[in-house]
**Student:** 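Please read through the structure below; I'll follow up with questions.
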Amino acid sequence: YSSVAGRRLTRLDATVGCLTSHRLNQAVRRAFRRSEALQSILLMTVVLATAMVVGDGILTPAISMLGAVAGLQEATDNFVSEDAVVSISVAVLVLLFAMQSYDTSLVARTLAPTVFVWLSLNGGVGIYNLAVNGGHIFTSLNPWHIVEFLARNGRGGWLMLGGVALCITGAEAMYADLGHFTRRSVSLGFVGYVYPTLMLTYWGQGAHLLNHPGDADKVFWRAM
């Protein structure tokens, strides 16, 4: 009897929750329909969010490709010029986007193994740098450091945050992946593999910079 009553109470709670949610949705809709100010705020929010995703989709590939191709300068002792780096980056991006226009799954199948190996190596290099340079970088987990940084540098500190913009970009890649994978698989892949390897990479680079601050301009390559 108690189990039956429990199931009934559970269904009743679910029904009440749905009704409450429905009434709240109806109230919000009525408020937006009656208020031109709320409609304007909603429109600006949607436009801003869309612009940020589009901007992210343009900015991230360009900066990532430039950073990757710039490794040729380190490998050849600056034999490759800046103009050559830009030209090669543009050519590769045009090729990738041309392939993607025919079939995005083709790009995914082609590059997925490469990205897996690349992330694994990045994580390995991060662990190596932590082992060589020490783990003092983990004090960066204390949020008070960013407060002190901004207080010490003022407006310049906020501008410096632009240097870590790529750490929070990549939203457009998530939207693209949802075309080939489920939401759960994308979430598990990011939280269980991509995010840990990226954190190891950034911590490793930070540990390297603590001992070699002069390598800040190309720390990704010089930390290897």
Side-chain angles (χ1 to χ4, degrees), residues 28 37-38 40-71 73-74 115 118-178 183-184 186-224:
V28 171
L38 288 178
S40 299
I41 293 174
L42 178 61
L43 175 62
M44 292 303 299
T45 302
V46 172
V47 170
L48 179 62
T50 304
M52 291 177 69
V53 172
V54 173
D56 188 15
I58 296 173
L59 175 69
T60 306
I63 295 181
S64 299
M65 189 59 65
L66 283 171
V69 178
Q73 292 182 307
E74 292 293 315
V115 172
W118 175 70
L119 287 172
S120 300
L121 292 176
N122 277 346
V125 171
I127 294 173
Y128 168 79
N129 278 296
L130 289 170
V132 170
N133 297 288
H136 186 66
I137 188 63
F138 289 114
T139 59
S140 62
L141 293 172
N142 184 353
W144 183 248
H145 287 302
I146 189 61
V147 176
E148 292 182 332
F149 173 79
L150 294 175
R152 185 169 59 251
N153 295 281
R155 182 174 180 272
W158 287 101
L159 295 177
M160 290 182 204
L161 292 180
V164 295
L166 283 178
C167 295
I168 57 173
T169 57
E172 82 292 340
M174 293 295 179
Y175 283 104
D177 290 339
L178 287 176
R183 177 180 176 181
R184 180 180 293 275
V186 172
S187 300
L188 289 176
F190 182 81
V191 175
Y193 182 71
V194 176
Y195 186 73
T197 56
L198 289 178
M199 290 305 301
L200 287 172
T201 302
Y202 293 139
W203 276 328
Q205 292 175 8
H208 177 85
L209 285 177
L210 288 178
N211 292 330
H212 306 87
D215 293 344
D217 56 338
K218 292 182 180 178
V219 63
F220 179 82
W221 298 106
R222 294 175 181 174
M224 292 187 177

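For reference, positions follow the sequence shown, starting with 1. All values below come from the heavy atoms of this structure, side chains included, with hydrogens, waters and symmetry mates left out.
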**Student:** With a 4.5 Å cut-off on side-chain heavy atoms, are L38 and L42 touching?
**Tutor:**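 L42 vs L38: side chains apart.
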
**Student:** Can you check whether L130 reaches L200 side chain to side chain, under 4.5 Å on heavy atoms?
**Tutor:** yes

**Student:** Pick one: which of N122, I127, V125 meets side chain to side chain contact (heavy atoms under 4.5 Å, CB included) with T201?
**Tutor:**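 For T201, the side chain to side chain contact (heavy atoms under 4.5 Å, CB included) check succeeds only for N122.
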
**Student:** Of N133, N129, L141, which meets side chain to side chain contact (heavy atoms under 4.5 Å, CB included) against W203?
**Tutor:** L141

**Student:** Can you tell me how far the CD1 atom of I137 sits from the CD atom of Q205, to the nearest 0.5 Å?
**Tutor:** 10.0 Å

**Student:** Looking at side-chain heavy atoms only, is the closest gap between L119 and L198 below 4.5 Å?
**Tutor:**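 A side-chain contact exists here, since the closest heavy-atom pair is under 4.5 Å.
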
**Student:** Taking all heavy atoms of V191 and all of P196, pick out the closest pair and write down the distance.
**Tutor:**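 Heavy atoms of V191 and P196 come nearest at O-CD, 3.3 Å.
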
**Student:** Do you know which two heavy atoms are closest between H136 and L210, and how far apart they sit?
**Tutor:**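 H136 and L210 have their closest heavy atoms at CD2-CD1, 4.1 Å.
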
**Student:** Let me confirm one number: the CH2-CZ distance from W144 to F149, rounded to the nearest 0.5 Å.
**Tutor:** 15.0 Å

**Student:** Is it true that a side-chain atom of Y128 and a backbone atom of G204 form a donor plus acceptor pair closer than 3.5 Å?
**Tutor:**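 No: the side chain of Y128 does not pair with the backbone of G204.
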
**Student:** Which pair of heavy atoms, one from G134 and one from A207, lies closest together, and at what distance?
**Tutor:** O-CB, 3.8 Å

**Student:** Tell me, yes or no, whether the heavy-atom count around R152 atom CZ, taken from other residues, nucleotides or ligands under 6.0 Å, exceeds 12.
**Tutor:**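 Atom CZ in R152 is packed in, count exceeds 12.
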
